[in-house]
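Keep in mind that what you see is a predicted model, and the values were worked out from it rather than measured. Atoms considered below: every heavy atom in the structure, side chains included; atoms not considered: hydrogens, waters and symmetry mates. Positions are given from 1 along the sequence.
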Amino acid sequence: MRGWKKGLAAAALALVLLAAALVPAFGAVGGVNLMAVNERVLDTTAENMPRTVGGVLYVPYTMLSNQVNGINLGVSALYSTTRRTVLVTDGQRGVTFDIQNNTAQDLNGVPVSARAMVRNATVFIPIDWICQYFGIISCTRTRTPYGTLIRVTNSAAILTDRDFADAAGMQLADSLRRYLESGGRGEGVDPVPSGGVEASEPPSGAELFLALRCGPSARECAQLLESREQRALFLFEVQELAGQGDLARCLAGAGHTLGLVLSGGDGADCLAQAERGRALLAAAARYNALVVSAPDLDEKGREELARAGYVVWTATAREEDAPSGGALVRGLDAREVNFVELACGSAGQSFLRGALNAMEEENCRIYQATAPALGQTAR
């Protein structure tokens, strides 16, 4: 009997020590987001941890999969490996996220502004937008000693967010332990600016596509974007492409979009430049360039390029328009999609860093400027 009591006391002490050890670990790594659906804590790993990018909270699509978590929220997510799409549906309405083309549309084929993203081979979806679109689920954030709890619920949820967080303390501690053991280092941006519970709100900042004109700091700018889980359109001068094969391969390999800058105001000449540039990129990086910038070309010439299968990039906000990246971002139009073009010059990385910081602060939504995405928003 005495041995049984000693064993119980030892087990209780071990649990206390475990919780105490995990809290400092969380403080050391920072930015840990854990997951729950209704009254169930889900496993969090370095690959599937929810994260905030550009002010938008993304969660793994599996969070809405009743095949994975066993809970039917009324809104489910299904991944197709053959089509590389994620369908989110409530049985009547639905949105299909096309991962390969970075597009999204409803079941009638009407494009929507939301986008999915891929990180560590895991597909993430914008949960706040999805909650607003379907209206039968909600997402909240709750501060806990082990990280921020991202919880998706429907009308079947019983406990409030705070009561659930308190009741599931040991499960959250265990989830944090497994996350750290999987190699997690808290790289998610914490979506809650201060303590307490925050109901999800749709993103309110400007929407934008981002392009960068290749220059001396192109590699550094690309690395800066990639460190923030962003990809952009990189524009190459056709006449300089012959000596930029290594850069083109590096950018294409990292998942950026490659485009061409065409000079002059003659449609036939621009089309010839585009074909020459496309051939050079195909030879250097096996990349089929479809996006071009032709700032001096008239509407007739642009239509000629479009008939040849090209999408013409037209900037609405350029680096030259503002004294700093932050000033440029704060001047964007929140009522329409913006097309932001920066330069990878000697000061390009500094300007880009300021712009990215401001985009995050302003809750901007950054979409990768692929040919299909730009084609749907052609000006």
Side-chain angles (χ1 to χ4, degrees), residues 31 51-58 102 104 111-115 117 126-129 132 141 187-194 198-218 220-235 256-257 259 261 291 293 295 312-370 373-374 376-379:
R51 61 199 68 249
T52 298
V53 178
V56 179
L57 175 62
Y58 291 85
N102 194 31
V112 300
S113 61
R115 294 291 184 271
M117 76 169 190
I127 188 61
D128 291 326
W129 187 91
Q132 183 187 40
R141 293 83 146 155
E187 58 271 5
V189 176
D190 194 337
V192 182
S194 59
E198 180 180 290
S200 64
E201 293 290 340
S204 57
E207 298 177 282
L208 63 100
F209 290 102
L210 179 62
L212 292 97
R213 301 189 298 274
C214 287
S217 63
E220 292 76 14
C221 287
Q223 291 169 358
L224 177 58
L225 286 165
E226 292 155 21
S227 71
R228 304 201 182 197
E229 305 299 334
Q230 299 289 354
R231 300 296 185 272
L233 165 65
F234 280 82
L235 296 167
H256 297 283
T257 305
V261 178
V291 181
S293 171
V312 181
W313 163 270
T314 302
T316 59
R318 300 170 69 93
E319 180 173 332
E320 298 85 341
D321 299 336
S324 67
L328 184 144
V329 170
R330 284 186 284 273
L332 296 179
D333 192 339
R335 297 167 297 179
E336 61 180 32
V337 178
N338 299 266
F339 299 80
V340 179
E341 184 175 316
L342 310 180
C344 298
S346 57
Q349 189 178 2
S350 175
F351 195 99
L352 175 60
R353 181 179 290 105
L356 291 174
N357 289 341
M359 289 173 191
E360 185 170 325
E361 292 170 1
E362 298 293 325
N363 289 333
C364 292
R365 283 164 283 176
I366 309 172
Y367 307 134
Q368 184 173 356
T370 62
L374 292 174
Q376 292 178 353
T377 55
R379 299 177 59 81

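- The distance from the CD atom of Glu360 to the CD1 atom of Ile366 is 9.0 Å, given to the nearest 0.5 Å.
- Annotation: side-chain hydrogen bond (donor to acceptor under 3.5 Å, both in side chains) contacts of Gln368 (sequence neighbours excluded): Thr257.
- For Arg318, the salt bridge (Lys or Arg N to Asp or Glu O under 4.0 Å) test picks out Glu320, Glu341, with sequence neighbours left out.
- Here the options are Glu207, Arg115, Arg231, the test is side-chain hydrogen bond (donor to acceptor under 3.5 Å, both in side chains), and the partner is Tyr367; only Glu207 passes.
- Using a 4.5 Å heavy-atom cutoff, the side chains of Leu342 and Leu328 are in contact.
- Side-chain atoms of Gln230 and Met117, non-hydrogen and from C-beta on, never get closer than 4.5 Å to each other.
- The backbone N or O of Glu220 sits nowhere less than 3.5 Å from a side-chain atom of Ser217 that would complete a donor-acceptor pair.
- At least one side-chain heavy atom of Asn357 sits under 4.5 Å from a side-chain heavy atom of Arg228.
- Residues Thr314 and Phe339 have side chains not in contact (no heavy-atom distance under 4.5 Å, counting atoms from C-beta outward).
- Between Trp313 and Leu374, some side-chain heavy-atom pair lies under the 4.5 Å cut-off.
- Listed by chain and residue number, Glu226, Phe234, Leu251, His256 satisfy the side chain to side chain contact (heavy atoms under 4.5 Å, CB included) test with Ala222 (two or more places apart in sequence, or in another chain).
- Looking only at side-chain heavy atoms (C-beta outward), Leu208 and Val329 stay at 4.5 Å or farther from each other.
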